[in-house]
Amino acid sequence: MTENEGTAPRDFIRAAIEEDLKTGRFGGRVHTRFPPEPNGYLHIGHAKAICIDYGIAEDYGGKYNLRFDDTNPAKEEVEYAQSIIDDIRWLGFDVGEHNIFYASDYFEQMYQWAEVLIKKGLAYVDDLSPDEMREYRGTLTEPGKNSPYRDRSVEENLDLFGRMRAGEFPEESRVLRAKIDMASPNINLRDPVMYRILHREHYRTGDKWHIYPMYDWAHGLEDSIEGVTHSLCDLGYEDHRPLYDWFLDALGIYHPQQLEFARLNVTYTVLSKRFLLRLVNEGHVRGWDDPRMPTLRGLKRRGYTPESIVDFCDRIGIAKANSVVDIALLEHCIREELNERAPRAMAVLEPLKVIITNYPEDQVEYFDIPNHPQKPEMGTRQVPFSRVVYIEQEDFMEKPAPKYFRLAPGREVRLAGAYYITCVDVVKDAAGDIVELHCTYDPESRGGATPDGRKVKGTIHWVSAAHALDTEVRMYDYLFTKEDPGDVPEGQDFMANLNPESLVIMAGAKVEPGLAGTKPGDRYQFMRKGYFCTDPDTTEEKLVFNLTVSLRDSWAKAQQQ
RNA sequence: UGGGGCGUGGCCAAGCUGGUAAGGCAAUGGACUUUGAAUCCAUGUAUCGCACGUUCGAGUCGUGCCGCCCCAGCCA
């Protein structure tokens, strides 16, 4: 289903693929792969890569693989592999036995091919130490020089390489190198290492191997074996492409096309594996799934839907220019979706007690309130109302600011879906802090409208004190205070920009009783506040909600100016 | 000072074989509103990095320059 017929391709990669389709370069096939190393958790940057790799394959009716590039036993673990599979499935892509592959399954084939190159005089065993090798490599501006071991005979190379595999030599004593050009202006071509000796237990192959292939040598072979047509990767691999091509050509095997695009950067966030690891290890967040983390697990716990993340990835586009996407776009994507899907509920984050003095002591009324103002099909719910209710502290101002149209002494506002109330008294404690409000209600305004048709400008949310559920609401903000977390004074790193208020816990929040029984992952719009989701920390005794994203707040914005 | 890339409004980003600048986000104004939300209208700003050149005409071609990013792991 080539749905792009007749329309211009959306990006340069699709353009290249359409060109290949037109010329029949790969026999009309489109086959991509997402090749993570199982040594960490996936984040939003990976989501972009996945959406590109898999989204493009889907667009052209092609196939896509998940391939674990597990060529370094020193840093890989099964746990990571499983989490990666889970995260990709969560995003909505189809990965399973039929399209999950492991580079480690190709080790034998790779070894055979290495022997082929040795026989062709295109690879040799080098005994230089790592330090010597660095010296021989030259610099960016000076050419390197040939290793004294470069011209060993094919027989000797074959013998040595075989013994490397057999585990006869210690780590760092020898490597297998491609014989290309030590004077190449592209440093990657200065006789790159193909295999290094590692006496490590591999999480899948165990102790079978003592040598492991390097990325440059392995990657093209993996793509070739799987029949990948377009090997999409980030800009960092641009100057590795000549090497990718060189190995495949030297072997004369099926040759996919590597194409590079810019990786994702987002304002107020850091995406490097190393930095993310520090946030976790140094305890700045609770773990990889902390709702402030840009990991897919973090976003999930935060309440982001996979659809919103895919939508985000679609909107940011694909190009080769390094760029930083405004996090506001991600927030827009989740708001747009949750506005559609999330049932509304009332929650008072910072309660202020309101006593409705003319409301009967023991009376309780139930109001039928819509779950979605624009979607009657989402139904209604019964919300109890009684003499004492909580409203948001910020919805009352003793001395109202200009244009403030919430509650204030002598002012009338609407309690959403219930009654109009007028503030008649402000009760303070010895310290002068407001402890409660006395209001009167207009029985005629039942349901939130009045027969005389008078208008109230303000509508605020509320919750019946006697019926409210105690809850903890976790309010999140960006982890960093600067758009560019890396923008720090000399000698400091991004930790200097950590936002001390990235998590603020509203421990005394009250929510309407209808939320009892909510399950982790459930999403709601807490009216006038934002979108929230139930956290896994929720127990029978205490509900816990996470702020996914606040509602846009033009009042707050106006106040700031 | 080697090589590889990139440079279009505040942020992303289209712009095919040159014909006179899409779209989204953000921002702003207004309408509507029992969420100051949503929705709906409206709005702006682009020396298309700079300079020459080719051309009737260049973001699109050429030359030169400037700026930014990446590469010297037996990591991926």
Side-chain angles (χ1 to χ4, degrees), chain A residues 8-11 15 35-37 39 69-72 74-75 126 128-130 133-134 137-144 171-177 183-190 192-198 211-212 214-216 218-219 233-242 260 262 267 273 314-333 335-336 339-340 344 346 369-370 372-374 403-406 414-418 420 445 447-449 455-461 483 525-530 550-558:
Chain A
R10 292 165 54 201
D11 52 76
E37 181 184 19
N39 70 346
D69 205 2
D70 53 359
T71 56
N72 186 350
K75 1 193 319 194
D126 195 352
L128 250 28
S129 71
M133 210 187 229
R134 193 176 316 117
R137 186 156 34 230
T139 68
L140 294 179
T141 51
E142 306 159 59
E171 292 186 6
E172 299 196 336
S173 62
R174 291 179 224 267
V175 292
L176 182 73
R177 292 230 250 173
S184 173
N186 180 345
I187 292 187
N188 297 120
L189 261 23
R190 318 245 261 232
V193 172
M194 295 165 64
Y195 279 96
R196 75 288 212 184
I197 296 170
L198 250 28
I211 55 173
Y212 290 90
M214 295 288 289
Y215 171 85
D216 286 310
H219 207 84
C233 58
D234 75 69
L235 260 26
Y237 295 97
E238 244 167 344
D239 30 344
H240 290 247
R241 185 170 4 105
E260 312 85 8
T267 56
K273 209 170 271 183
D314 279 345
R315 293 189 193 224
I316 57 180
I318 308 172
K320 298 194 69 151
N322 297 106
S323 61
V324 183
V325 176
D326 192 337
I327 196 167
L329 179 59
L330 214 211
E331 297 175 337
H332 167 79
C333 291
R335 279 196 190 103
E336 186 176 73
N339 176 51
E340 290 293 310
R344 315 285 110 141
M346 290 196 283
I369 297 181
H372 189 117
Q374 283 83 31
K403 299 227 181 113
Y404 181 83
F405 49 77
R406 276 112 94 153
R414 170 167 41 230
L415 292 182
Y420 287 3
S445 63
K455 299 284 186 193
V456 287
K457 186 83 170 131
T459 298
I460 63 177
H461 56 98
E483 263 194 34
Q525 183 201 90
F526 287 170
M527 290 177 68
R528 305 206 306 132
K529 297 309 295 183
S550 66
L551 248 32
R552 296 184 58 176
D553 189 346
S554 57
W555 166 246
K557 190 176 292 178

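Numbered from 1 within each chain, the chains take letters A, B, ... in sequence-line order. Because the structure is predicted, anything quoted here is derived from the model rather than measured.
- Considering only heavy atoms from C-beta on, A:Lys273 comes within 4.5 Å of A:Asn39 through its side chain.
- Proximity of A:Thr139 to the phosphate of B:G2: no side-chain N or O atom is located under 4.0 Å from OP1 or OP2.
- Using a 4.0 Å heavy-atom criterion, one finds that A:Leu329 contacts the sugar-phosphate atoms exclusively.
- Taking the O4'-C1'-N9-C4 or O4'-C1'-N1-C2 dihedral as appropriate, B:G7 has a value more than 90° from 0 and is therefore anti.
- Going from the C1' atom of B:G36 to that of B:A46 covers 34 Å, rounded to whole Å.
- For A:Arg241 and B:G3, the shortest distance from a side-chain N or O to OP1 or OP2 is not below 4.0 Å.
- Between the CZ atom of A:Arg315 and the P atom of B:G23 there is a distance of 15 Å, given to the nearest Å.
- Taking only side-chain nitrogens and oxygens, A:His332 comes nearer than 4.0 Å to OP1 or OP2 of B:C25.
- Rounded to the nearest Å, the gap between the C1' atom of B:G19 and that of B:A58 is 9 Å.
- With sequence neighbours left out, the salt bridge (charged side-chain N to carboxylate O under 4.0 Å, His left out) criterion links A:Arg134 to A:Asp131.
- Distances shorter than 4.0 Å separate some side-chain N or O of A:Arg196 from OP1 or OP2 on B:A76.
- Among the heavy atoms of the strands lying under 4.0 Å from A:Val324 are primed sugar atoms or P, OP1, OP2 only; no base atom is included.
- To the nearest whole angstrom, the two P atoms, one in B:A38 and one in B:C71, are 42 Å apart.
- Between A:Thr71 and the phosphate of B:A76, there is a side-chain N or O to OP1/OP2 separation shorter than 4.0 Å.
- Within the 4.0 angstrom heavy-atom criterion, only backbone atoms of the sugar-phosphate kind lie near A:Glu238; the bases stay farther away.
- The distance between atom OH of A:Tyr237 and atom C1' of B:C69, rounded to the nearest whole Å, is 16 Å.
- Residue A:Ile316 is classed as a sugar-phosphate contact, given heavy-atom separations below 4.0 Å to backbone atoms only.
- Nucleotides B:C25 and B:C41, compared at atom P, are 13 Å apart to the nearest Å.
- Put simply, A:Ser323 has a side-chain N or O that comes within less than 4.0 Å of OP1 or OP2 on B:A13.
- The nearest pair of heavy atoms linking A:Phe405 to A:Lys457 is CG-CG, 3.2 Å.
- Residues A:Cys233 and A:Glu238 fail the side-chain proximity criterion, which asks for heavy atoms closer than 4.5 Å.
- Within the structure, every side-chain polar atom (N or O) of A:Arg177 is placed at least 4.0 Å from both OP1 and OP2 of B:C74.
- Taking atom P on both B:G53 and B:A13, the two are 32 Å apart, rounded to the nearest angstrom.
- The residue A:Leu198 sits apart from the nucleic acid: no heavy atom pair falls under 4.0 Å.
- A:Arg406 places a side-chain heavy atom less than 4.5 Å from the side chain of A:Trp555.
- Among the atoms of the strands shown, none is found under 4.0 Å from any heavy atom of A:Tyr195.
- Stacking is found between A:Trp555 and the pyrimidine-like six-membered ring of the B:G36 base under the 5.5 Å centre-distance and 30° plane-angle cut-offs.
- Residue A:Tyr212 is classed as having no contact, given no heavy-atom separation below 4.0 Å to the nucleic acid.
- Taking atom P on both nucleotides, B:A22 is separated from B:C65 by 33 Å, rounded to a whole Å.
- Nearest heavy atoms, A:Asn186 versus A:Asp239: ND2-O, 2.9 Å.
- No contact: A:Ile327 has no heavy atom under 4.0 Å from any strand.
- If you check every strand for non-hydrogen atoms under 4.0 Å, A:Ala449 touches a base.
- A:Glu37 comes within 4.0 angstrom of sugar-phosphate atoms only, judged by non-hydrogen atoms across all strands, and of no base.
- Nearest-nucleotide mapping onto RNA chain B: of A:Arg174 and A:Ser445, the residue sitting toward the 5' end is A:Ser445.
- Residue A:Gln525 places a side-chain atom within donor-acceptor reach of the base of B:U35, judged by atom type and a 3.5 Å distance cut-off alone.
- Using modelled atom types, no side-chain atom of A:Thr459 and backbone atom of A:Arg414 make a donor-acceptor pair closer than 3.5 Å.
- In this structure, CG of A:Asn322 is placed 14 Å from P of B:C11, rounded to the nearest angstrom.
- The distance between atom CZ of A:Phe405 and atom C1' of B:U33, rounded to the nearest whole Å, is 10 Å.
- Within 4.0 Å of A:Arg137, counting heavy atoms only, lie sugar-phosphate atoms of the nucleic acid but no base atom.
- Each of A:Pro130 and A:Val325 was assigned the nucleotide of RNA chain B with the nearest heavy atom; the assignment lying further toward the 5' end belongs to A:Val325.
- Here A:Arg335 lies out of heavy-atom contact (under 4.0 Å) with every strand.
- Here the P atom of nucleotide B:A72 and the CG atom of A:Leu189 are 14 Å apart, to the nearest Å.
- Note: NZ (A:Lys403) to P (B:G36) measures 16 Å, nearest angstrom.
- The side chain of A:Val175 sits closest to B:C74 out of B:G7, B:A76, B:C74.
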### Query
Given pairs defined as Watson-Crick or G-U wobble with both distances under 3.5 Å, what dot-bracket annotation applies to RNA chain B, with ( ) intrastrand, [ ] crossing, | other strand and . unpaired?
.((((((..(((......[...))).(((((.......))))).....(((((..]....))))))))))).....
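- Scanning all heavy atoms of the two residues, the minimum distance from A:Ala449 to A:Tyr420 falls at CA-OH, 3.9 Å.
- Counting distance only, with no hydrogens placed and no angle test, the side-chain atoms of A:Asp239 and the base atoms of B:G3 include a donor-acceptor pair under 3.5 Å.
- A:Lys557 comes within 4.0 angstrom of the backbone, heavy atoms only, and of no base.
- Side-chain atoms of A:Lys457 lie closest to B:U33 of the nucleotides B:G2, B:U33, B:U35.
- Here the closest heavy-atom approach between residue A:Ser173 and residue A:Ile197 is recorded as OG-CD1, 3.7 Å.
- Looking at heavy-atom distances under 4.0 Å, A:His219 makes no contact with the nucleic acid at all.
- B:C50 and B:C68 have their C1' atoms separated by 15 Å, given to the nearest Å.
- Rounded to whole Å, the C1' atom of B:G49 lies 39 Å from the corresponding atom of B:C40.
- Using a distance-only test at 3.5 Å, with no hydrogens or angles considered, no donor-acceptor pair links the side chain of A:Arg196 to the main chain of A:Glu172.
- Relative ring orientation between A:His240 and A:Tyr215 is described as perpendicular, the plane-to-plane angle rising above 60° on a 0-90° scale split at 30° and 60°.
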